[in-house]
Amino acid sequence: MVLSATVVGALLGLGTQMYSNALRKLPYMRHPWEHVVGMGLGVVFVNQLVKWDAKLEQDLDKMLQKAKEANERRYFAELALSFAVVNYSMIASPGISLT
C-alpha cells in the first residue's frame with residue numbers, strides 16, 4: 001500500500017507541475033528541480049492521506065463499539081428492570097396469575 005501511495009503521490013506532483021507549465025505555455029521540463037519538489041510534496045501528501053484514513057477508520061470502529069456497548073447496557077438494563085417489576089408485582093399480589 002505504501003508503494004502504490006508513493007507512486008500515486010509522485011505522479012500527482014509531477015502532473016501538477018507539468019500542467020502548471022502547460023497552462024503558462026512554458027516547456028514542460030523548464031525547471032527540473034520544480035518537478036522533483038512537486039513529486040516530493042505529492043508523495044508526502046498522499047502518504048499522510050493514507051495514514052489519516054487508517055486512523056479515521058480505527059476511530060470510527062472505536063466509536064461504533066462504544067455505541068454498541070451503550071445500547072446493549074441500556075437494553076439489558078431496561079429488560080432487567082421490567083423483569084424485576086413483573087416479579088415484584090407477582091410477589092405483591094399472589095392472587096393474580098399471568099397464565
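Model, not experiment: these values are computed from the prediction.
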Contacts under 3.5 angstrom, residues 53-66 side chains, donor-acceptor by atom type, not counting sequence neighbours:
unit_1: K55; atom_1: NZ; unit_2: D59; atom_2: OD2; d: 3.3
unit_1: Q65; atom_1: NE2; unit_2: E69; atom_2: OE2; d: 3.3

Quiz: residues 13-20 side-chain donor-acceptor pairs under 3.5 angstrom, not counting sequence neighbours:
unit_1: T16; atom_1: OG1; unit_2: L12; atom_2: O; d: 2.7
unit_1: Q17; atom_1: NE2; unit_2: N21; atom_2: OD1; d: 3.4
unit_1: Q17; atom_1: NE2; unit_2: E34; atom_2: OE1; d: 2.9

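Both L11 and L3 belong to a common hydrophobic cluster when Ile, Leu, Val, Met, Phe, Trp and Tyr are linked at side-chain heavy-atom distances under 4.5 angstrom.
Shown here for H31 and H35, the closest heavy-atom pair between the two residues is O-ND1, 3.5 Å.
Using a 4.5 Å heavy-atom cutoff, the side chains of V46 and T6 are not in contact.
Of the options V37, V43, V44, a side chain to side chain contact (heavy atoms under 4.5 Å, CB included) to L41 is made by V37 and by none of the others.
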